[in-house]
Amino acid sequence: MERIYLDHAGTTPAHPKVIAAMKPFFREKFGNPASMHSFGQEAAQAASEARESVAKLLEAAAPEEIVFTSGGTESDNTAVMGTFFAKQKKGNHIITSAIEHHAVLHTCHFLEKQGLAQVTCLPVDSTGLVDPEDVKKAITDKTILVTIMHANNEIGTIEPIAEIGAICRQRGIAFHTDAVQTVGHMPISVQKMNIDMLSLSAHKFYGPKGVGALYVRKGTRISPLLHGGGQEGGRRSSTLNVSGIVGLGEAARQAQLEMESEARRQTEMRDSLLNGLSAAIPELIRTGHPAQRLPNNASICIRYVEGESMLLNLDLQGIAASSGSACTSGSLEASHVLLAIGIPHEVAHGSLRFTFGRDNKPSEVQRVLEVLPPIVERLRAMSPLAQRK
Ligand code: PLP
């Protein structure tokens, strides 16, 4: 059976050039970059080249502004907690949005539950957009951080980051963005977009899992979460994951070469899937912004069916997608993102997300268009919700 992978927002397969670049760093070039000898210096040189590639991808002013981490979650935690602990004497107020990834939201709520931080969670409109005016209004004398994601991982909406960044810059407040879904997929300039901190994760753009980075603009103060040997300029102790970092650097280089043509190609597949499904399935709701959205993200809700049932049926046909609803200890929990854009609870359970990548072909869209409508029809025929309408 042909297997079709349409869950690239979940993770991506490593680029063949990434794997080739990483390989020598497991054995021949295994040195610790903190060591003075030639083994160490060889590894240090490779990490330094990777740092330059990541800095270039983000248009950062200097490679030293890149702090390597274990991925998106650690980068988000470091931005939020690191800022809080560095600036708590100045204030304790953090502004975020209702649709952030849990790596940001749960970290903010953790600080709040400890009685440390005060958190304002901004609403979004029905397309998932944060209004920059709301950010402006929420700022107080105690605000130390604004953290708003670049693009949402479920519905693909791209936020007005440059505008929000400009507001923060004007008020002298640190601005962080979780760009885990956009880095390597669309152009980013931390300079032009007024970004002080930015989270990225290698496995979302054809790099290895378990490695990422936090961009920290020169002069932006953060306290480290990991204390120890003082690596990464004291901002993140622990021996560098050299092979992973080399993989991240190569992924950044490949992204610069492929990003533009891939965005064009994936946008076409995304739109033909969305148009085809809308035409074939009644009572289908497209979620996210119609235009300001990730080139690879097609997200929908289908009334009267469970997302998980559709996923299982698609998987039986070799098609891998994802759903916003997660089966947690037996009870289906609706996605906080879908609820925040005003999708009713029962409709949110019927969510599906297809995310394209560099290996997908237009013929795979046709396959989904053949397979999904009959699955929906079959599930609706068994659904008490569909029969009650
Ligand atoms: N932020 C966003 C928007 C994400 O989509 C993800 C992963 O799904 C993360 C953060 C966490 O990244 P990682 O898996 O590298 O910890």
Side-chain angles (χ1 to χ4, degrees), residues 5-14 18 54 58 66-82 96-110 121 124 128-130 147-159 161 164 176-186 188 195 197-215 225-226 236 238 241 244-245 247-249 251-252 255 287-289 292-299 320-326 335-338 340-341 351 353-357:
Y5 185 78
L6 290 170
D7 192 15
H8 290 83
T11 195
T12 59
V18 165
V54 175
L58 305 178
I66 306 300
V67 179
F68 291 120
T69 66
S70 65
T73 301
E74 186 189 326
S75 298
D76 285 346
N77 273 258
T78 307
V80 174
M81 292 211 273
T96 188
S97 87
I99 62 165
E100 298 299 308
H101 190 273
H102 285 143
V104 166
L105 278 183
H106 287 176
T107 308
C108 289
H109 292 148
F110 169 76
C121 210
V124 292
L129 283 178
V130 172
T147 171
I148 305 287
M149 71 200 317
H150 189 194
N152 183 267
N153 45 304
E154 290 186 37
I155 56 173
T157 300
I158 299 168
E159 300 297 339
I161 288 307
I164 297 170
H176 166 251
T177 189
D178 174 341
V180 166
Q181 291 292 336
T182 50
V183 169
H185 299 281
M186 45 187 282
I188 292 180
I195 296 165
M197 285 173 282
L198 175 147
S199 299
L200 64 90
S201 179
H203 77 102
K204 304 290 189 182
F205 61 107
Y206 311 102
K209 293 172 186 53
V211 61
L214 180 67
Y215 159 80
L225 298 193
L226 302 187
R236 202 269 187 184
S238 184
N241 166 10
I245 288 166
L248 167 58
T287 50
H289 196 280
Q292 276 162 248
R293 65 182 303 124
L294 288 170
N296 74 339
N297 173 299
S299 58
S322 89
S323 169
S325 62
S335 138
H336 68 288
V337 175
L338 296 174
I341 61 171
S351 73
R353 179 189 71 180
F354 298 94
T355 42
F356 291 91

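Atom set for the values below is all heavy atoms of this structure, side chains included, hydrogens, waters and symmetry mates excluded. Each ligand, and each atom within it, is numbered from 1 in the order the structure gives.
Between the side chain of Thr177 and the backbone N or O of His150 there is at least one donor-acceptor pair closer than 3.5 Å. Checking side-chain atoms of Ser75 against main-chain N and O of Ala213 turns up a donor-acceptor pair under 3.5 Å.
For the side chain to side chain donor-acceptor pair (under 3.5 Å) with Ser299, the qualifying choice from Asn153, Thr287, Thr355 is Thr287, the only one to do so.
Within ligand 1, counting atoms from 1 as listed, the ones closer than 4.0 Å to a heavy atom of Met149 are 3 (C). Listed by number with element, the atoms of ligand 1 under 4.0 Å from a non-hydrogen atom of Gly71 are 15 (O). Less than 4.0 angstrom separates some heavy atom of Ser201 from each of these atoms of ligand 1: 13 (P), 15 (O). Listed by number with element, the atoms of ligand 1 under 4.0 Å from a non-hydrogen atom of Asp76 are 1 (N), 10 (C). The contact set between ligand 1 and His203, taken as ligand atoms under 4.0 Å from a residue heavy atom, comprises 13 (P), 14 (O), 15 (O).
In Lys204, the part holding a heavy atom less than 4.0 Å from any atom of ligand 1 is the side chain. Of the heavy atoms in Asp178, only side-chain atoms (C-beta onward) come closer than 4.0 Å to ligand 1.
Of all non-hydrogen atoms in Gly128 and Ile155, the two that sit nearest each other are CA-CD1, 4.0 Å. The minimum heavy-atom distance linking Val130 with Ser97 is given by the pair CG2-CB, 3.8 Å. Of all heavy-atom pairs spanning Ser199 and Leu214, the tightest one is OG-CD1, 3.8 Å.
Nearest protein neighbour of atom 4 (C) of ligand 1, counting heavy atoms only, is His101 CD2, 3.3 Å. Here the protein heavy atom with the shortest distance to atom 16 (O) of ligand 1 is Thr73 OG1, 2.6 Å. Of all protein heavy atoms, the one lying nearest to atom 5 (O) of ligand 1 is Gln181 NE2, 2.8 Å.
Using a 4.5 Å cut-off on side-chain heavy atoms (C-beta onward), Tyr5 and Thr11 make contact. Lys209 is not listed as a side-chain neighbour of Ser201, based on a closest heavy-atom distance of 4.5 Å or more.
Separating the CD atom in Gln181 from the CG atom in Leu294 is a distance of 6.5 Å, to the nearest 0.5 Å.
Using a 4.0 angstrom heavy-atom cutoff, Lys209 does not count as in contact with ligand 1. Remark: distances from the non-hydrogen atoms of Glu100 to ligand 1 are all 4.0 Å or more.
Considering backbone and side-chain N/O atoms, Gly72 comes within less than 3.5 Å of an N/O atom of ligand 1.
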